[in-house]
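Report on the following structure.
From a predicted model like this one, the values you see are computed outputs, not experimental measurements. Within every chain, numbering begins at 1; the chains are lettered A, B, ... in the order of the sequence lines, protein sequences first and strands thereafter.
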2 protein chains.
Amino acid sequence: MRVTIADVAREAAVSKTTVSRVLNTRADVDAGTAARVREVIAALGYVPSSGAVGLARGTSRTVAMLTPPLTWPWMGEVLQGVADTVEAAGYGLLLYTCNRGAESVSHFTGQVSARAFDGLLLVEPENTLDTVTAMHRRGLPVVLIDDRGHHPAFPSVATTNREGGASAARHLLATGRTSPLVITGPRDFGCVRDRLDGFLDQIPGALVTEGEFTETSGRHGVERALAEGRDIDCVFAHNDLIAAGALRALREAGRRVPDDVAVVGFDDLPMARHTEPPLTTVRQPMRRMGETAARLLLARLAGDVLSDAPVVLPTELVVRRSAPAL
Amino acid sequence: MRVTIADVAREAAVSKTTVSRVLNTRADVDAGTAARVREVIAALGYVPSSGAVGLARGTSRTVAMLTPPLTWPWMGEVLQGVADTVEAAGYGLLLYTCNRGAESVSHFTGQVSARAFDGLLLVEPENTLDTVTAMHRRGLPVVLIDDRGHHPAFPSVATTNREGGASAARHLLATGRTSPLVITGPRDFGCVRDRLDGFLDQIPGALVTEGEFTETSGRHGVERALAEGRDIDCVFAHNDLIAAGALRALREAGRRVPDDVAVVGFDDLPMARHTEPPLTTVRQPMRRMGETAARLLLARLAGDVLSDAPVVLPTELVVRRSAPAL
DNA sequence: CTGAAAGCGCTTACAG
DNA sequence: CTGAAAGCGCTTACAG
């Protein structure tokens, strides 16, 4: 049998109102009464029902997070940043993944309307941006962790993709490289365009080939360039998976890295330390993105008004052996 | 203004009871009435409040998951397996991480008592097993995803750690290796003892050194063995991070992999494909562990009685170039 | 087939 | 400083 506030009230010989007051530490309770109530609470092991509290207060002290498949290499970092921040504020975190496509999304939208949570954090809402924008318009607090360069009509957290691309180019130039091959992600991603623009600002003549964010894509990109007899001395890969594929293709073609060809990736996944040679890459602060987005959302729930202008976190070039300093 | 069941009832000129009945698709409602109510629901965009439903029904249709830091390399897989299964059943998934130590745990236990969820899934409950065992005794349905070999007093899902160790040894023997170095994880992990026992059953004389589950540990393990002049022709690492460190140390010492020394890891993390050479490893079905644990918990919530005997999923040797077949 | 009423476990004006 | 009562939005016997 569940212990309720009524049990505590009876045992302490006060009203439920008074118990509720000491629970919520209101000032206007006699110190003696409060002490007695607290004793009873401890003795009975009473804990308020979060559901009942939520119903009475009209708020759930829970936020939701909608994510792409959790197997994305950097999702763990983002999620951990979110979880830490949300937990520290005493909120619960409800997780939804879009792993099952349309079905997931409709299940999710049902939950939203059910007011199972007070606010929403989301990453990479493929085919979801319209739905979410509508929810936001109807009053649901939303913050996007924008790794795709979406520039949505609500608050978001992003990184300096353009500057990241530029920093890769500057590093390559500074170390004497002049003929890059750029292997991009899909062009319809805003982040891909930004990374490319930043790079081309520094090295306008770069050879560019569009790829996907996979190792296979990196391998094919290099193989094709070599087969066409292109004269390259470095590769800028739009993420670390592409870079890993490029490393492999270069090795198989007998090109030494970094002696013949330097390679720079993007993201700084854990695996970037384990490739041969270890990968120079543009680090994205995924954990801080999660923390920042969560902090924004909690501020919004506490009453702050948020700007729709994205909060932009800096990328950082991490130099390892695949493209060493001079 | 929120649309409630009362609004629907008024608009459809029926009682709240009737609306509730069509909501829960009970048979005993006149077809015409039901149709009319459904129209009103659609017209008003009514969605039941999950909090109110939960309070009235005494169940939240939510399960919680308590995890170690999400940056553990295989947590994404486990979590995805759990999320898919839980979502498909129409349940919500509340995530708690033990990232903040004792504070996390106490926050978490508060949530438990608050009945914010109906059941609990957990991974690797460092310093948590006692608390959780107590909760289970008090009636909270719990399923452990046991990657540590805990053998708890409640239902759990594990893998064949002992057979996994044996399969690594058999593969090495079959490919002509006779002098292994085993670099283990911490000995107080049940899984470490099991992997080691399975290996030693096949190769009793193996050289064994205790390590941690880190790359550094793998590197040191190999460096020490070589410095001591040990004559090794293969390494069995207790996870893939250790194996990655071993690969690096071997290369730096001028030993060729696999020609001079073969290397076998454990887990089959995504990075196992990206090492040089790609890693032969004992694959643990982390996603299936998540799915299986979630399925067990949901069955329990549906009224099934669960056995405390662990459900054991098979490991599988994945052969790549670091320890090729003949 | 349908509805009035009680109940789930809290919080919050309101009154004293 | 304290309590009775209404209300949050549902479900569920119970009665018809």
CE of A/M289 to OG of A/S156, rounded to nearest 0.5 Å, is 8.5 Å
B/S20 has its side chain closest, among C/dC8, D/dC1, D/dT12, to D/dT12
Hey, are the side chains of A/T133 and A/F154 touching, using non-hydrogen atoms and a 4.5 Å cut-off?
yes
Check: Has A/S15 got a side-chain N or O lying under 4.0 Å from the OP1 or OP2 atom of D/dA4?
Finding: no
A/L55 atom CG is separated from D/dA6 atom P, nearest whole Å, by 18 Å
Q) Does A/T17 get its side chain close enough to the base of C/dT12, under 3.5 Å, for a donor-acceptor pair? A) yes
Worksheet item: Has A/S49 got a side-chain N or O lying under 4.0 Å from the OP1 or OP2 atom of C/dG9?
Response: no
A/L23 CG to C/dG9 P, in whole Å, measures 15 Å
Between CZ of A/R10 and C1' of D/dG3 the distance, given in whole Å, is 16 Å
Picking from C/dG9, D/dT11, D/dG3, the nucleotide nearest the side-chain atoms of B/V53 would be D/dT11
Sub-4.5 Å side-chain heavy-atom contact between A/L94 and A/F117: yes
From NZ of A/K16 across to C1' of D/dG7 the rounded distance in Å is 11 Å
Checking D/dT11, C/dT11, D/dG3 against the side chain of B/N24 (C-beta onward), the nearest is D/dT11
Among the nucleotides C/dT2, D/dT2, C/dT11, whichever has the atom closest to the side chain of A/D28 is D/dT2
Nearest-nucleotide check on DNA chain C, B/A52 vs B/A34; residue mapping nearer the 5' end is B/A34
With the side chain defined as heavy atoms from C-beta on, A/V29 is closest, among D/dT2, C/dC10, C/dG3, to D/dT2
D/dT2 phosphate, OP1 or OP2: any side-chain N/O from A/T18 under 4.0 angstrom?
no
Check your understanding: Looking only at N and O atoms, is any donor in the side chain of A/R57 or the base of D/dG7 less than 3.5 Å from an acceptor on the other one?
Key -> no
Intra- and inter-strand pairing of DNA chain C, written as dot-bracket with Watson-Crick and G-U pairs under 3.5 Å and | for the latter, reads |||.||||||||.|||
Taken to the nearest whole Å, CZ/A/R21 to P/D/dG3 is 8 Å
Of the listed C/dG3, D/dC10, D/dT2, the closest approach to the B/T4 side chain comes from D/dC10
Check: Is there side-chain contact between A/V37 and A/V14, with at least one heavy-atom pair below 4.5 Å?
Finding: yes
Would you sort out whether B/R148 and B/N161 count as a side-chain hydrogen bond (donor to acceptor under 3.5 Å, both in side chains), showing the intermediate values? CA-CA 9 Å; B/R148 290 197 170 182; B/N161 280 302; over 6 Å; no
Exercise for review: Would you check if there is a donor-acceptor pair between the side chains of B/T159 and B/Q284 at a distance under 3.5 Å?
Suggested key: yes
Looking only at atom types and distance, does a side-chain atom of B/T85 sit under 3.5 Å from a main-chain N or O of B/G81, one as donor and one as acceptor? yes
Of the candidates D/dT2, C/dG9, C/dT2, the side chain of A/T33 sits closest to D/dT2
Whole-Å distance, A/I5 CD1 to D/dG3 C1', equals 13 Å
Testing C/dG9, D/dC10, C/dG3 for proximity to the side chain of B/V14, the answer is C/dG3
Do any side-chain atoms of residues 290-308 of chain A form donor-acceptor pairs under 3.5 angstrom with protein atoms, and if so which ones, sequence neighbours left out?
{"from": "A/T292", "atom 1": "OG1", "to": "A/R288", "atom 2": "O", "distance (Å)": "2.6"}
{"from": "A/S307", "atom 1": "OG", "to": "A/A309", "atom 2": "N", "distance (Å)": "2.9"}

